[in-house]
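Hydrogens, waters and symmetry mates play no part in the numbers below; they use all other heavy atoms, side chains included. In what follows, chains are A, B, ... by sequence order, proteins preceding strands, each numbered from 1.
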Amino acid sequence: MRAVVRVRVIPVLRLYHSSSVLPSGNDEPTPDSAAAAAQNSVIIHNFINYSYQGDLPRAMETLESMQKRNIFAHSVSYSQLINCCVARRAIQHGKRIHLHVFSGGYVPKTFLINNLLNMYVKDKLLHEAQVLFDQMPQRNVISWTTMISAYAASSNVDLKRRALELLILMLRDGVTPNMFTYSSVLRACNELQLLRQIHCSINKVGLESDVYVRSALIDVYSRWGECQNALCVFCEMITGDRVVWNSIIGGFAQNSDGDQALHLYKRMKKAGFQVDQSTLTSVLSACTRLALLELGGQLHVHVLKYDQDLILNNALLDMYCKCGSLKDSDCVFSRMVDKDVVSWSTMIMGLAQNGFSRRALELFEAMKVSKIKPNHITILGVLFACSHAGLVDDGLYYFHSMKKLFGIDPGREHYGCMVDLLGRAGKLDAAVKLIHEMECEPDAVTWRALLGACRVHRNMELAAYAAKQIINHDPNDAGTYILLSNIYANSQRWDEITRVRNAMRHRGIKKEPGCSWIEVNKCVHAFILGDNSHPKITEIKKELKQIIHRLKEIGYVPDTNFVLQDLEGEQMEDSLLYHSEKLAIVFGVMSFSSGKTIRIRKNLRICGDCHIFAKLVSKIESRSIVIRDPIRYHHFEDGCCSCWDYW
DNA sequence: GTAGGGTTAG
């Protein structure tokens with residue numbers, strides 16, 4: 001797109017006196033020198049006019065004559081021309097102007113050098129900008145801010161640090177930062193302590209009401225996971241705009257607090273602010289985390305307004321995948337004109353998590369044909385697909401060839417996926433061997449993958465070893481303590497149980513109760529193990545008992561193997577009976593007409609008994625049930641699950 | 001002449 005350049009034709013006569021015509025002397029002009037001076041003036045005036053008109057080719061042609069004659073115009077004209085170069089990305093012309101204004105004893109004004117700095121920065125030529133900055137005889141707040149914002153915007157950590165160093169040098173130089181400086185430098189903050197110091201300085205000089213500064217503060221606090229601080233900055237808001245709202249909504253959405261993000265979204269609309277692509281992307285991401293298909297579907301209507309927005313479409317695609325509605329995600333994906341690596345990776349992972357591994361691998365092949373280069377997350381999706389479908393050979397092939405085929409080194413997460421793949425397939429020894437071969441240090445996630453396999457394949461000894469490793473890496477992982485104590489309970493090692501429980505008490509770790517959520521008529525109902533606060537809990541429990549009774553008639557036997565507690569017989573069965581997902585399923589059966597899919601989200605992985613229960617309910621009630629646990633999705637239909645009991 | 005927000009895994 002051709003940039004708009006301000007056109008202002010300045011009368012030649014008025015500008016005549018503002019330009020410098022060099023060389024000049026005190027002697028009386030000779031007729032020859034008078035003629036030359038007149039000619040020089042004409043050249044300069046042409047240059048001034050071309051610069052103001054944005055006629056870059058003619059201005060550059062005239063500049064050549066000026067260079068030959070060693071004559072100069074006022075800095076304003078060069079400044080105008082430099083801006084024209086920036087707008088048209090004509091860096092080569094800009095470099096010629098740079099050389100010209102630093103030759104022949106001409107002294108360019110600070111604002112002109114600032115323009116040159118800006119030109120290099122916009123073209124990401126940081127080195128050139130820094131050299132020029134170092135040469136500047138005088139630097140004002142704009143010179144410093146231009147450099148600081150350039151470094152702060154870099155993705156390189158060392159360059160970001162340079163932005164903070166420059167801020168210190170700027171202060172030492174006696175130059176006071178302004179709102180531009182603060183909103184830039186905040187993005188380079190690499191320490192929370194430093195962020196707090198800068199925040200204090202901003203308050204001290206009263207710049208916190210600037211919307212740019214405010215959105216930067218919210219953004220940085222959110223990035224540090226300090227959502228409450230971000231919210232404080234937001235709540236102090238007297239002045240605010242759409243971006244400030246987007247910053248706070250995005251902050252909560254990215255920090256997995258979908259409820260708060262949605263709450264703020266409602267407030268934003270109520271306050272009369274127009275939502276845009278960024279708002280919708282964050283809100284969709286919140287719906288994704290909370291598995292709110294109904295609300296997500298309503299947002300889809302607004303997304304259509306921005307049908308060319310790739311990031312927004314990717315968020316929509318992910319929402320449908322993560323809400324287990326593959327028909328909708330297929331539809332969005334096929335309609336997307338532009339697809340990037342995120343679109344493909346989202347879809348591959350979505351298919352894999354929903355149990356359509358073969359389709360995920362087929363899509364990966366299609367991606368290769370489309371010439372979009374896979375990244376490390378794409379490969380993770382591929383490995384996940386292999387892992388969850390028991391495709392051990394395919395998984396090993398992709399894992400061993402990822403470096404050669406796609407130039408991607410296997411990272412910790414790829415090893416984790418392979419441990420999972422081998423472990424699920426019962427190859428526990430190979431999984432342990434792989435952990436020992438890892439080039440990077442295994443972390444809690446890696447050991448958790450092994451632990452999951454140990455549970456499935458009932459290898460208690462190895463499970464205890466893996467659990468200890470997890471606790472070494474993540475001493476607050478409640479689930480692992482519980483599992484470890486259950487493993488010891490199984491072998492009746494009471495002394496070990498006491499040790500584990502003491503450690504939990506000592507560290508103040510409490511078991512996270514199982515929780516399931518279901519969206520009914522735009523309202524989310526939560527079911528928590530041991531909590532009877534749902535208004536219809538009595539009816540639900542009554543209905544559940546009736547369903548269990550019917551299931552037992554067709555051969556259902558509660559599977560107590562998955563839940564090892566200090567309970568026996570009927571007590572253990574009872575504890576299984578009220579697992580949150582069972583209550584949510586029954587509530588779904590009671591609330592929805594028979595054709596509607598029951599969709600449930602869980603905070604913990606589904607247990608074996610609830611898995612059998614969901615399969616049988618899907619059969620006797622002729623219902624589709626989708627349960628999303630933290631790892632994957634289970635689509636229950638006519639007594640079968642999409643995971644084929646391999647999870 | 002210097003500054004802003006959004007998407008993919010576990």
(request) Quick one: label A:V185 by what it contacts on the DNA or RNA (base, sugar-phosphate, nothing), any heavy atom closer than 4.0 Å. (result) nothing
(message) Show every salt bridge (Lys or Arg N to Asp or Glu O under 4.0 Å) that has at least one partner inside residues 328-337 of chain A, sequence neighbours left out.
(response) A:D330-A:R359
(request) Just compare B:dG1, B:dT2, B:dT7 and give me whichever is closest to any side-chain atom of A:T145. (result) B:dT2
(message) I want to verify a distance call: between B:dT8, B:dG1, B:dG4, whose nearest atom is closest to the A:S215 side chain?
(response) B:dG4
(message) Between the base of B:dA3 and the side chain of A:S183, is one N or O donor paired with an acceptor at under 3.5 angstrom?
(response) yes
(request) Tell me which residues in residues 124-136 of chain A put a heavy atom below 4.0 Å from DNA chain B, sorted by number, or none. (result) none
(request) Identify, with sequence neighbours excluded, every residue that meets side-chain hydrogen bond (donor to acceptor under 3.5 Å, both in side chains) alongside A:S357. (result) none
(message) Holding to side-chain hydrogen bond (donor to acceptor under 3.5 Å, both in side chains), I want the full list of residues that pass it with A:Y398, two or more places apart in sequence or in another chain.
(response) A:E365
(message) Taking salt bridge (Lys or Arg N to Asp or Glu O under 4.0 Å) as the cut-off, I'd like each qualifying pair that reaches into residues 120-139 of chain A, sequence neighbours left out, listed once.
(response) A:R89-A:D123
(request) Quick one: label A:T378 by what it contacts on the DNA or RNA (base, sugar-phosphate, nothing), any heavy atom closer than 4.0 Å. (result) nothing
(message) Please confirm whether the shortest side-chain N or O distance from A:Q353 to OP1 or OP2 of B:dT8 is below 4.0 Å.
(response) no
(request) Could you please name the option among B:dA9, B:dG1, B:dA3 that lies closest to any side-chain atom of A:S149? (result) B:dA3
(request) Determine if A:F111 stacks with B:dG1; use a centre-to-centre distance below 5.5 Å and an interplanar angle below 30° as the criteria. (result) no
(request) Send over the distance from A:N178 CG to B:dT2 C1', rounded to a whole Å. (result) 7 Å
(request) Take the protein atom CH2 of A:W144 and the nucleotide atom P of B:dG1, then report the distance between them rounded to whole Å. (result) 22 Å
(message) Which residues in residues 274-285 of chain A have a heavy atom closer than 4.0 Å to any atom of DNA chain B?
(response) A:D276, A:Q277, A:S278, A:T281, A:S282
(message) So if I take every side-chain heavy atom of A:D219 and compare against B:dT8, B:dG1, B:dG6, which nucleotide ends up nearest?
(response) B:dG6
(request) May I ask you to verify whether the side chain of A:D241 and the base of B:dG4 hold a donor-acceptor pair under 3.5 Å? (result) yes
(request) Sort and list the pairs that fulfil salt bridge (Lys or Arg N to Asp or Glu O under 4.0 Å) and have at least one residue in residues 303-319 of chain A, not counting sequence neighbours. (result) A:D318-A:K322
(request) Look at the side chain of A:L380 and decide which nucleotide, out of B:dA9, B:dG4, B:dG10, has an atom nearest to it. (result) B:dA9
(message) Distance check needed: B:dT7 C1' versus A:Y306 OH, whole Å only.
(response) 16 Å
(request) Just say parallel, tilted or perpendicular for the rings of A:F234 and A:W245, cut-offs at 30° and 60°. (result) perpendicular
(message) According to salt bridge (charged side-chain N to carboxylate O under 4.0 Å, His left out), who are the partners of A:R632, at least two apart in sequence or on a separate chain?
(response) none
(message) By nearest atom, which of the nucleotides B:dT7, B:dG6, B:dT2 is closest to the A:L312 side chain?
(response) B:dG6
(message) Starting the side chain at C-beta, find the nucleotide from B:dT7, B:dG10, B:dG4 nearest to A:V243.
(response) B:dG4
(message) Students often get this wrong, so: under 4.0 angstrom with heavy atoms, is A:F384 touching a base, only sugar-phosphate, or nothing?
(response) sugar-phosphate
(message) Considering every strand and a 4.0 Å limit on heavy-atom distances, what is the contact class for A:M349: base, sugar-phosphate, or nothing?
(response) sugar-phosphate
(request) Could you state the atom-to-atom distance from CH2 of A:W344 to P of B:dT8 in whole Å? (result) 19 Å
(request) Inspect the contact between A:D629 and A:R605 and indicate whether a charged nitrogen and a carboxylate oxygen are less than 4.0 angstrom apart. (result) yes
(request) Please check the phosphate of B:dA9 (OP1 and OP2 only) for any side-chain N or O of A:K322 closer than 4.0 Å. (result) yes
(request) Any salt bridge (Lys or Arg N to Asp or Glu O under 4.0 Å) involving residues 218-233 of chain A? Give me the pairs, sequence neighbours left out, ordered by first then second residue. (result) A:R187-A:D219, A:R196-A:E226, A:D219-A:R223
(message) For a quick check under 3.5 Å, do A:T110 and A:N140 share a side-chain donor-acceptor pair by atom type?
(response) no
(message) Any base atoms under 4.0 Å from A:R448, or only sugar-phosphate, or nothing? Heavy atoms, all strands.
(response) nothing
